[in-house]
Amino acid sequence: MWKSLVAAIAVLAVGGSALAASVVNKDSEIRTLIVTQGSGKMKLALHAGETVEFCPKGCFVTWPNGDLGALTGSESIEISGGVARIK
C-alpha cells in the first residue's frame with residue numbers, strides 16, 4: 001500500500017504539468033524506479049500494467065536493472081522484461 005501511495009503522490013505532484021515523463025510497466029510484476037529530483041529521492045513502484053507521469057522538470061532515474069539515466073521530463077518509457085526503454 002505504501003508504494004501505491006508514493007506513486008499516487010507522484011501523479012498528483014505533476015497533475016498540472018504539461019510536460020512530464022511517463023512510464024508504463026508492461027511486466028506482470030511490480031517494478032520500482034528510484035527518482036532523484038533536486039536533493040530528494042523517492043521510490044516509484046509501478047504495478048503490472050500501471051502508467052505513471054513523473055519528473056516534470058528533469059530528474060535522474062535508477063532503472064529496475066540498476067542503470068542510471070537522466071530525463072528531461074518529456075520522455076515516454078516502457079518497462080518490459082525488467083528493462084526500461086525510452087520510446
Side-chain angles (χ1 to χ4, degrees):
M1 176 152 172
W2 175 250
K3 292 179 183 179
S4 295
L5 180 60
V6 170
I9 290 170
V11 170
L12 292 175
V14 298
S17 175
L19 273 181
S22 67
V23 60
V24 60
N25 180 9
K26 299 242 177 172
D27 286 344
S28 59
E29 59 189 78
I30 296 173
R31 297 296 181 186
T32 303
L33 308 177
I34 307 298
V35 180
T36 305
Q37 195 164 13
S39 62
K41 277 189 181 184
M42 74 171 194
K43 287 186 179 183
L44 183 60
L46 290 105
H47 291 270
E50 185 175 19
T51 300
V52 174
E53 289 189 355
F54 69 109
C55 189
K57 296 181 181 182
C59 62
F60 292 97
V61 178
T62 304
W63 304 109
N65 65 355
D67 288 347
L68 181 65
L71 301 178
T72 63
S74 61
E75 295 84 358
S76 178
I77 301 130
E78 181 180 289
I79 299 173
S80 180
V83 177
R85 292 174 185 84
I86 299 175
K87 300 279 181 173

For residues [X] and [Y], report the shortest heavy-atom separation together with the two atoms involved.
{"X": "A45", "Y": "E50", "value": "O-OE1, 3.7 Å"}
{"X": "G81", "Y": "R31", "value": "C-NH2, 4.2 Å"}
{"X": "Q37", "Y": "G58", "value": "NE2-O, 3.3 Å"}
{"X": "T32", "Y": "K43", "value": "CG2-CB, 4.1 Å"}
{"X": "C59", "Y": "T36", "value": "CB-O, 3.3 Å"}
{"X": "S74", "Y": "L19", "value": "CB-CD2, 3.9 Å"}

Given side chains that start at C-beta, do those of [X] and [Y] come closer than 4.5 Å, heavy atoms only?
{"X": "V61", "Y": "L71", "answer": "yes"}
{"X": "W63", "Y": "I79", "answer": "no"}
{"X": "S22", "Y": "E75", "answer": "no"}
{"X": "K41", "Y": "I34", "answer": "yes"}

Quick one: does D27's side chain have a donor or acceptor within less than 3.5 Å of a partner on G82's backbone?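 Yes, the answer is positive, given that a donor and an acceptor are paired below the 3.5 Å cut-off.
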
Do [X] and [Y] share a hydrophobic cluster, counting only Ile, Leu, Val, Met, Phe, Trp and Tyr and linking them when any side-chain heavy atoms are less than 4.5 Å apart?
{"X": "V83", "Y": "I30", "answer": "no"}
{"X": "L33", "Y": "M42", "answer": "yes"}
{"X": "F60", "Y": "I77", "answer": "no"}

Output yes when R85 and E78 qualify as a salt bridge under the 4.0 Å nitrogen-oxygen rule, no when they do not.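 No salt bridge links R85 with E78.
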
Please step through side chain to side chain contact (heavy atoms under 4.5 Å, CB included) for the pair V23 and T51, ending with a clear verdict. CA-CA 6 Å; V23 60; T51 300; over 6 Å; no

Once you round to the nearest 0.5 Å, how far does CG of L68 lie from OG1 of T62?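 Atom-to-atom, L68:CG and T62:OG1 are 5.0 Å apart.
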
